[in-house]
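Below is one structure; the comments refer to it alone.
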Amino acid sequence: MKTITQKLIAVLLAIIMGISMTVAQTRTVKHNVERGETLASIAKRYGTTNEKIIELNPDASQFIYVGMELTIPVTEAATPKQGQLTENNNSDYLSIPVNNNSAQTTSYSSEDPDKKPGFGFGMEISLGFPPHDSGSFNTYDISCFMPYWIKEQNKGLFASAGIGYSSAFGSDHFGSGRELYSGSSSISLITIPLKVGFAIGGNDKFAIVPYAGFNLGITVKGENKIKHGGSETKYKIKAGKFAPDFRLGADLRLWIFNVGGYFAIPISDDSKAVFGDSGYFAVAIGFGL
């Protein structure tokens with residue numbers, strides 16, 4: 001009998017000592033939920049479980065949010081280093097409630113990650129109609145460009161640069177009777193189109209895009225021909241002439257396609273010699289991504 005009593009006392013003492021050690025080693029700390037944290041990640045950080053955290057924080061069974069203060073059960077070995085606990089009350093970040101069984105949340109920014117600045121790509125072909133006293137004269141442009149959207153892709157403010165090829169062809173006649181002359185001209189240019197604009201529209205499928213900029217042209221080759229009677233005289237146009245113009249226009253964007261036009265104003269003597277002193281209208285079609 002004495003032996004049994006001694007064994008019972010020993011067992012009770014062992015249980016009491018175990019409880020005392022557990023209580024002595026376990027304590028709680030306050031933790032402010034940070035952006036990107038879930039209940040599982042917090043539990044792992046402190047060496048505990050979701051269930052134990054929920055036991056001390058019943059509200060956390062539904063969801064947690066940035067800045068929420070949690071009471072966390074920890075042991076001495078699992079206590080984070082000093083300065084590891086931080087407070088973040090950034091209200092721009094929210095939490096999504098999840099299944100009650102998991103009691104976890106996913107934190108995300110209120111800013112849509114797709115709504116960010118970035119580069120695009122586009123191509124445009126245009127046909128211009130410089131004024132001419134007689135005969136006909138047209139310009140043809142083709143260019144590839146890369147717009148940079150300042151705040152959000154395909155919306156709002158953008159700046160664009162590219163490279164292109166431009167050509168102009170025309171024919172004319174002047175004089176009368178025996179002094180009737182006819183002439184033709186052709187010229188080719190390498191161009192660098194630069195522009196800034198603003199896409200006005202609520203979505204990526206439709207927008208009105210006004211813009212302004214410069215088309216910097218450098219002559220590559222050109223020739224003027226004058227015919228009188230049976231003779232013909234040719235004049236070469238020197239390469240390397242700077243022929244820029246200022247352009248003010250607008251495009252209508254439908255999905256990835258652009259339809260629009262612009263008014264071009266020659267701004268140097270060389271460009272005026274090619275396209276005339278006054279400005280001219282052009283129509284354009286293209287696409288952009």
Side-chain angles (χ1 to χ4, degrees), residues 4-120 147-159 198-205 207 289:
I4 296 174
T5 303
Q6 288 176 346
K7 289 182 179 180
L8 288 174
I9 293 172
V11 171
L12 289 173
L13 287 173
I15 293 173
I16 293 170
M17 289 179 64
I19 294 172
S20 299
M21 291 179 66
T22 302
V23 171
Q25 291 180 354
T26 304
R27 64 185 182 87
T28 60
V29 297
K30 298 294 184 181
H31 176 84
N32 284 43
V33 179
E34 301 173 3
R35 67 181 66 177
E37 288 187 323
T38 65
L39 201 60
S41 67
I42 296 171
K44 183 178 180 180
R45 177 177 177 181
Y46 289 94
T48 185
T49 64
N50 293 4
E51 290 74 16
K52 289 182 179 180
I53 295 177
I54 293 172
E55 187 178 333
L56 297 177
N57 306 270
D59 291 344
S61 63
Q62 299 298 320
F63 61 86
I64 62 174
Y65 54 87
V66 170
M68 182 180 183
E69 186 178 79
L70 298 175
T71 301
I72 310 295
V74 297
T75 61
E76 294 294 337
T79 303
K81 296 180 181 179
Q82 185 177 3
Q84 192 172 0
L85 299 181
T86 60
E87 181 174 353
N88 190 329
N89 294 321
N90 190 339
S91 61
D92 287 342
Y93 287 79
L94 308 175
S95 299
I96 303 175
V98 295
N99 189 291
N100 290 340
N101 295 328
S102 63
Q104 297 182 15
T105 66
T106 301
S107 299
Y108 69 96
S109 169
S110 59
E111 295 181 2
D112 189 338
D114 293 331
K115 296 182 178 180
K116 57 186 179 180
F119 287 97
Y148 179 77
W149 299 91
I150 307 300
K151 288 189 175 182
E152 182 180 346
Q153 197 114 18
N154 295 321
K155 293 183 181 180
L157 186 66
F158 71 92
F198 193 92
I200 304 171
N203 52 62
D204 294 336
K205 296 181 180 179
L289 301 174

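Note that the numbering runs from 1 along the sequence shown for the chain.
The two residues His31 and Tyr46 have their closest heavy-atom pair at ND1-OH, 2.9 Å. Between Ala43 and Asn50, the shortest heavy-atom contact is CB-OD1, 3.6 Å. The minimum heavy-atom distance linking Thr48 with Ile72 is given by the pair CG2-CG2, 4.3 Å. When all heavy atoms are compared, the tightest approach of Phe198 to Phe158 is N-CE2, 3.6 Å.
Checking side-chain atoms of Gln153 against main-chain N and O of Phe119 turns up a donor-acceptor pair under 3.5 Å. Although no hydrogens or angles enter the test, the distance criterion places a donor-acceptor pair under 3.5 Å between the side chain of Glu37 and the main chain of Glu34. A donor-acceptor pair under 3.5 Å links the side-chain atoms of Asn57 to the main chain of Thr71, judged by distance alone.
Contact annotation: the side chain of Asn32 never approaches that of Val66 to less than 4.5 Å [non-hydrogen atoms, C-beta and beyond]. Counting heavy atoms from C-beta on, the side chains of Trp149 and Asn154 come closer than 4.5 Å. With a 4.5 Å cut-off on side-chain heavy atoms, Lys52 and Pro73 count as touching.
For the side chain to side chain contact (heavy atoms under 4.5 Å, CB included) criterion with Ile54, the lone passing option out of Leu39, Leu70, Thr49 is Leu39.
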